[in-house]
Amino acid sequence: MNDASSHGDKQSFLWRYVFSRDHKVIGTQFLFSTLIWFAAGGILAIALRIQLAWPWTSMPYFGNELFATEGGQISPDFYNMLFTMHASIMIFFVIIPILAGAFGNILIPLMIGADDMAFPTLNMLSYWVMWPAFIFMGLSFGTPTFGPGFGWTANPPMTEGPALTFWLLALICVGISSMMGSVNYLTTIIQMRAPGMTMFRLPMTIWGMFVTAILQAFALPVLTAALSMQLADNVLGTGFFRPESAASSGGGEPLMWQHLFWFYSHPAVYIMILPAMGMVSDIISCFARKPLFGYKPMIYSISGIAGLGFIVWGHHMFISGMNPWLGTTFALSTILIALPSAVKVFNWLGTLWNGNLQLTSPMLFAISFVSMFIIGGLSGIPIASPLIDIPLHDTYFIVAHIHYVLFAGTVMGVFAGIYFWYPKLFGRMMNETLGKIHFLLTFVSLNATFFLMHVLGWMGVPRRYASFQSLKQQIDEGAQQLELAASNGVDKIFVMAKDYDAIVWINEFITYSAIALGIVQVFFVVNFFGSLLWGKRAGRNPWNANTLEWTTPSPPGHGNFDFQPTVHRGPYEYSHPESEKDFLLQTDPPLAPPHPDEETATLVDPTGSMPAGENK
Amino acid sequence: MSDSHYVNRTKLFSIVFFLLVGLTAISFAVAGSALMDQPVRGWTAMMVISCAKALLVIIFFMHLKWESTWKYVLTIPAAVMSTLLVLILIPDIGNRTDDYAPTRQKFAASDLNSHQSLDDTDAIHHGPFSNQDQPRHGSN
Amino acid sequence: MPDLKETDEPSTRKDHFQLEYQPGLPIPNGKLCVWLFLSTEIMFFSALIGSYIVLRFGAPSGSWPTPHDVHLVEWIGAINTFVLICSSFTIVLSIEAAKQNKSGTAKKWLFLTFLLGAVFLGVKAYEYNSKFSYGIYPRAPRSRMYDKPDLQYLSALQLYCKQTAKKMQEENKAPEKLVILKEVQTHLVDWTARKIGQTDRTAQQSLALKLLTYQINGNHRYEEDAKLFLKFETEEIESKLIEINQNLLPAKSQLQEHNVELQAIDANLAALAKIDMKTEIQNKENSDLNQRKAEVGELKISIENRIADLEKEKLAIQGRLDFFAKHDLGTPLEEKFHLDLPFVLPSGNMWANTYFLLTGFHALHVLIGLIAFLIILTLQLGTARAGLIENIGLYWHFVDLVWIFLFPLLYLF
């Protein structure tokens, strides 16, 4: 993987991998940890889906091991733990650390021309702080409830118990790690760019990381404050979020938690997508052999999304009983966010248009990111309005929206990034065939899994329910009322769900698709580890890309660059009209200005010291 | 460093120090003075004094007076964001007792206006049995 | 541009040359890092202070405790403010000295800053201790504050009195205090509990509780109601006392009659008992007398019970009247005797929560600053280290800034 210190001597495993302050090693540590947690979160999701498709039947493994006395059927509380931990793990241990911790760490110094981060030791500590978080979360599985069961949104006063304490501590550690990381990334990007690398020559990946770091710096501390207050409530018996009751000191306000929590968690969802958007911009541009369409508007729209993202959090709380005037203002700002997002989508499409498309695995994932993000973004627009959100809140429509932007969006972007930068990081090429199979099967199964959730949600099927059997009676009654009304000539009665059986078969279908989605990741795992051992050796620039990291050896040694990089041009110089070459590296010197008369082409001499007649 | 050679600012810092001490004394005086009879005015005065002290510390002690334009890029968004955070909590939490229904006032953690008469007309608000809606034997 | 060969082996930079950069801002990386970190801290404390502001102003109007209620001493807070401002000044002087390469002077000023910070923490510890001694904790299980004068408070009082009396009896350390506690338990707490059980008029019940609360803690909110109720109650029980005394006289005289009658019956029975062979009339007389004796005995018992009840009630009323004659309503018992009783302070627990949260996090940050000072005191503080001191100074100024806002918000509002 990565080499020893500058002294050139062989180092022990401990020094090289545990105590390393090299950003590539730390990034790889993040990468492996998050991929393992990805598997864990996925297993929880499969268990959850099995319960929904075949409710109260014996569940493989979880049921048989933990609920043997009940015949293998899980309890409703266990189901609550499943969806809580699935979400908490995916958000805090997978998506956020893989984008900022893994990709940010690996790519930022390489793409800006630095030899490492501004504060390598801080960087190392930011990974180490993740380990207490992992341990706390693991310990929470050992509590009597098998873990927290209050939903990843942890709304008090429902939250209580030892599992809450572990969960809060884990998230506080993740917050500290992210804050350390964001301060480091911002300093590095501002201060350690190569000569000639102005801010407007930075690749979109870096812009994504830069804006994400700003979001983390401003939003995370608020979550930390809220988490500390809930911790005090749980451990010390304070009453910040506990309303008046005989059991608490009273005077607290549950709504305050929701405000503070969502003040962070909405920027968090942008933290979970902006780096992927940046990476996808670079990948699409590279494999379309075209410059990114509208580079500066892309930067302005990414900043606009982040800025607006701070004033929209109320749309997660429309049904909380908040002041309706607040609701209206949040609805307005939320709908505004669609504008910069649309600008980005059009720019990606503009980049693809008439490009010389090379449909490699990273390109396929990147294009699917764009199309799936369109679906996810469109499903977000109706629920920006309280009128539509109030019936749809906490239904499967929201679940569909979440998973389209996060899985079909960000995770596809993450796969694209892994396939794209794997050769740089590990010095070997991944297998293209396996990559394409992985892509196709993932794409099909994820759409099969998540698309019908829109339908379920529209039918009113609620989220966080362990089974829908209790809905059957309501639906039957609704159907009766429909018939009655029709026989009375009333045709304007609306009943959402008419068919309980549809809910049953849709859920089964989704579960089969989810299981398939899990299984096809095997192609990725085999490809990833197989290529480490048997992949073709990669050169410096296997994709003929133009950004700075492709001028380093693969993998880059300690110190990254074996020459002083000087940047002369922007990040998307593919098919430059004035050059015959297919692409120009950022470090390529400026071209000679074109001159109509090739023979007498000289540099113009402003001092007039050259003999006359040679100036044209 | 922004200054290439050293400039001795000890005298300036001493002046700032005495200003800070003076402002602290003033805020202490305001707290005990007649201004507090109208609490909103008193609080506003104290917040103004605190902001003045904060500005003195930030501009002089934290050296921002002599830094370049980046200081605005950093401080203004932070100030805006922190003010925004406090303001948005006001409608839902700061003003919540404004909209309390009478039944909810009974459950409030601390009792509201405490003066009552000997008969039971105020019993709904002030009965010691917090979980009871009616006076015990409807004696009104 | 050098020829970038496709290499098979990952290469290291053979000559370890330093890469050049074009920094975006004309300040050292460390300084930028500290400023960015400070913006995260600004957001953190804004969230905490914002929560305090809305909880305080969102509490039912007029119910937030005054500094006097919670034994918060403003001038101690002012001292702390002064101490921190001095420490901000001394660290600036330290930086100035370091810039002039006067390492010794810089260390001296830095050490003084450390000392001032330690003084701040010491004063804070003293304040916390004083709060704890008054039973003001950040809630359960140690806080002795209750938010409303209600049944929950009453039962807490009853439990506390019982447990503490038992403990004091076992330890036998302060017998005078035990006496007062028993007085409070009997004439105040148990009396109120009985009163609440006896009447079904909720207004009177709640007023009784307010009197209890006021006598214990003297919270001015309950003064008017307590006085009103005490006046009303005193009139009521004084007339009750007169009534009892009036009832006692006939009862006692009736008891006397019964006793006399019993004596007479006993005398007759004794006389009859001496006769061995009784005539039929004498036997009948014997049984009549015995029957009458039983009847009178029962009557006597019921009168005795009634007298006992009246005496008990009289004792209780007398005790209650004596109690309020001895301990006038103006001086709260807690102040006078330090019995550590549970007390009612509306929104007191929420006050304690926010106070300890804000000052606790602030004190934690002060402590971290002090540790940082200790670490850099071990270094040589010349011009080379001026930047380092400046960075730590920025953090320290921020800590001072937070206190500049906390002081009026907590102490003066």
Given a strict heavy-atom distance threshold of 4.5 Å, which part of [X] is in contact with chain C: side chain, backbone, both, or neither?
X: A:Ile190; result: both
X: A:Met256; result: side chain
X: A:Ala232; result: neither
X: A:Met197; result: backbone
X: A:Ala226; result: neither
X: A:Thr198; result: both

Exercise. Among A:Met229, A:Gln216, A:Met179, who wins on heavy-atom pairs under 4.5 Å with chain C?
Worked result: A:Met229
Problem set entry | Partner chain C: residue of A:Ala114, A:Ala118, A:Gly427, A:Gly113 with the largest heavy-atom pair count (under 4.5 Å) | A:Ala114
Problem set entry | Criterion side chain to side chain contact (heavy atoms under 4.5 Å, CB included) on A:Phe263 and C:Met43, from CA distance to verdict | CA-CA 11 Å; A:Phe263 185 88; C:Met43 293 309 294; 4.0 Å; yes
Problem set entry | More than 12 heavy atoms of other groups within 6.0 Å of A:Glu160 CD | no
Interatomic distance, [X] atom [atom1] to [Y] atom [atom2] [nearest 0.5 angstrom]:
X: A:Phe563; Y: C:Leu19; atom1: CZ; atom2: CG; result: 9.0 Å
X: A:Thr187; Y: C:Trp35; atom1: OG1; atom2: CH2; result: 14.0 Å
X: A:Leu122; Y: C:Cys33; atom1: CG; atom2: SG; result: 6.0 Å
X: C:Phe44; Y: A:Ser228; atom1: CZ; atom2: OG; result: 4.5 Å
X: A:Asn184; Y: C:Phe37; atom1: CG; atom2: CZ; result: 13.5 Å

Side chain from CB out, backbone as N, CA, C, O: work out which of these in [X] comes under 4.5 Å of a heavy atom of chain A, or both, or neither.
X: C:Phe356; result: neither
X: C:Ser46; result: neither
X: C:Leu55; result: side chain

For this session: For chain A, find which of C:Thr354, C:Leu25, C:Asn29 contributes the most heavy-atom pairs closer than 4.5 angstrom.
Result: C:Asn29
Can you see which heavy atom on [X] is nearest to which on [Y], and at what distance?
X: C:Asn353; Y: A:Gly239; result: ND2-N, 2.9 Å
X: C:Tyr21; Y: A:Asp115; result: OH-OD1, 2.8 Å
X: A:Ala225; Y: C:Leu48; result: CB-CD2, 3.9 Å

Problem set entry | Main-chain N/O of C:Glu20 paired to A:Gln564 side chain as donor or acceptor, under 3.5 Å | yes
Exercise. For the side chain of A:Gln191 and the backbone of C:Gly24, is there at least one donor-acceptor N/O pair under 3.5 Å apart?
Worked result: yes
For this session: Test A:Phe218 against C:Thr40 for side chain to side chain contact (heavy atoms under 4.5 Å, CB included), laying out the working first.
Result: CA-CA 6 Å; A:Phe218 280 103; C:Thr40 69; over 6 Å; no
